[in-house]
Amino acid sequence: MHTTAATRHFSGTYAEARQKFLDAAAQRGAAIESFELEAHRGALGETLATDVAYLGKPGAAKLLIVSSGTHGPEGFCGSGCQIATLNDPDLLSRVDQAGIGLLLIHAVNPHGFSHLHRTNEDNIDLNRNHIDFDAPLPVNSAYSEVEPFVLPAHWPPTAVDLTAMSAYIEKHGMWAFRAAVSSGQYTSPQGVFYGGKAPSWSNRTMRAILRKYGANATHIGWIDVHTGLGPYGHGEKIYAGRNAAADLAQARAWWGLDVFAPFEGQSASADVSGPVVSAVYDECPQASAALMGLEFGTLPDQEVMTRLRADTWLRRHPEAPEAQQRAIRRDLREAFYCDNDEWKGMVLGQTRVVLLQTVQGLKTA
């Protein structure tokens, strides 16, 4: 099969993605720093790390951040976008001419990326983990009611489980069901969308990166690349900042009126507690921040949710037959990464537009 321009930036495994990223960054003369997850190894026995590549004047006042792999196998997409950016001389020269620092954070969740889990080494969803753990934990009282049929004893779910789910949705509505399942919960460590009891390794690592590279920033534009929600190949611009009118207005001024805020109810995403990008408010309080989750659709939402539930079920049932384990892993990868040229081309085209808009926004800020 011939390799198209779109295909060559993407990878088949975390190990391949990491090597491609480091090679592309080195070729560009980027400053590279690696943060190793020392207590764990990858699926192929490889080193696991969150790698950082920085281009531009050290301590630039205007900082453009692009991060990948917050949710494990979503990293296949985000990594491809980052490597394409490193291979885009026109875009990089615009960044350079604007005096903007470019910070690429590769594999926020390297364990999940390598092992094909959406969550990290402790089953923590990193976009539910960046909260203030000194304050009372967020309460999701509906979660305990839905967990028995969302994560049943057997997989695939039985007719009884499916009936229970249908009954709940009929009674409370799909929006309430989605919120109960996916907004985040802090009571069931082996459950879905678990936020943890303390800051995870990835949380601590991301904060250290922000403190170092964002210390002198007055303006930050951050794109966190995600997959799995919305129409196939469409990149939804999800506003990921705090619920403040001025911040949302700035995001729409930079990226367009098709920036959707979860708290307004228009987004494909639930309004979640503790997203990774929210750490910028703690670690770079001096900076004005425009934050986006760029979310590329893959399979129909309910299919993605079913495969994600299967992934969590498998963590609870390591004794599952080898063939079933392989099938669940493969299905999860396909839920978050469409391994075809058409989808990759759609992803790269839309990402480039968003990055150009962010450069323009930072230039005029």
Side-chain angles (χ1 to χ4, degrees), residues 3 7-27 30 32-53 67-83 86 104-126 129 155 189-190 194 196 199-206 208-209 225-228 276 307-308 310-339 344:
T3 301
T7 306
R8 67 191 170 92
H9 301 310
F10 293 84
S11 305
T13 63
Y14 160 76
E16 182 190 355
R18 183 181 187 218
Q19 197 57 57
K20 271 189 187 173
F21 176 78
L22 293 172
D23 289 349
Q27 226 165 352
I32 298 169
E33 192 171 3
S34 296
F35 300 82
E36 290 188 13
L37 178 60
E38 290 171 354
H40 299 269
R41 304 298 290 181
L44 303 173
E46 76 274 27
T47 297
L48 295 174
T50 295
D51 297 297
V52 166
S67 51
S68 69
T70 290
H71 289 137
E74 297 184 23
F76 288 107
C77 173
S79 172
C81 295
Q82 291 171 318
I83 293 163
L86 287 166
L104 303 176
I105 306 173
H106 187 269
V108 175
N109 171 13
H111 188 277
F113 193 166
S114 179
H115 289 278
L116 304 179
H117 284 299
R118 186 178 185 276
T119 49
N120 79 343
E121 57 278 5
D122 302 312
N123 191 43
I124 291 171
D125 184 318
L126 298 182
N129 185 243
W155 199 268
Q190 288 189 303
Y194 174 60
S200 61
W201 173 86
S202 295
N203 181 334
R204 299 192 303 273
T205 300
M206 289 297 285
I209 291 167
V225 182
H226 288 266
T227 60
V276 171
R307 294 181 183 204
L308 194 150
D311 170 46
T312 311
W313 177 89
L314 184 57
R315 288 207 149 185
R316 292 182 163 197
H317 295 277
E319 76 289 349
E322 188 62 39
Q324 186 181 24
Q325 293 195 32
R326 275 200 308 274
I328 288 173
R329 294 269 69 72
R330 184 194 66 233
D331 285 352
L332 190 83
R333 185 180 187 273
E334 290 173 2
F336 293 113
Y337 179 48
C338 299
D339 197 355
K344 293 170 188 174

### Task
Could you walk me through whether W201 and T50 pass the side chain to side chain contact (heavy atoms under 4.5 Å, CB included) test, one step at a time?
CA-CA 10 Å; W201 173 86; T50 295; 3.7 Å; yes
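- One N or O on the side chain of N203 and one on the backbone of N129 form a donor-acceptor pair closer than 3.5 Å.
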### Task
Before giving the answer on side chain to side chain contact (heavy atoms under 4.5 Å, CB included), spell out for L308 and F336 the whole-Å C-alpha distance, their side-chain angles and the decisive distance to 0.1 Å.
CA-CA 10 Å; L308 194 150; F336 293 113; 3.9 Å; yes
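- In terms of modelled atom types and a separation under 3.5 Å, the side chain of Q324 and the main chain of W155 share a donor-acceptor contact.
- The two residues F113 and A17 make their nearest non-hydrogen contact at CZ-CB, 3.8 Å.
- Nearest heavy-atom pair across Y337 and C77 is CD1-N, 4.3 Å.
- With hydrogens and angles ignored, the 3.5 Å screen pairs a side-chain donor or acceptor of H115 with a backbone N or O of R41.
- For the 3.5 Å distance criterion, the side chains of N120 and S202 fail to qualify, holding no donor opposite an acceptor.
- For residues 10-20, the salt bridge (charged side-chain N to carboxylate O under 4.0 Å, His left out) pairs, not counting sequence neighbours, are E16-K20, R18-D51.
- Here the shortest heavy-atom pairing between T312 and Q190 reads CG2-O, 3.4 Å.
- Listed for the S114 side chain is no donor-acceptor partner under 3.5 Å among the backbone atoms of P110.
- Just one of R118, R329, R333 meets the side-chain hydrogen bond (donor to acceptor under 3.5 Å, both in side chains) condition when paired with D311; it is R329.
- Taking each heavy atom of A24 and I83 in turn, the nearest pair found is CB-CG2, 4.4 Å.
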### Message
Between F35 and I209, does the side chain to side chain contact (heavy atoms under 4.5 Å, CB included) criterion hold? Intermediate values first, please.
### Response
CA-CA 9 Å; F35 300 82; I209 291 167; 3.6 Å; yes
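- The backbone N or O of L44 lies less than 3.5 Å from a partner atom in the side chain of E46, making a donor-acceptor pair.
- For the pair Q325 (side chain) and A320 (backbone), a donor-acceptor distance under 3.5 Å is present.
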### side chain to side chain contact (heavy atoms under 4.5 Å, CB included) between D339 and K344, intermediate numbers included
CA-CA 7 Å; D339 197 355; K344 293 170 188 174; 2.8 Å; yes
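- Residues that satisfy the side-chain contact (heavy atoms from CB on, under 4.5 Å) test with Q19, not counting sequence neighbours, are D23.
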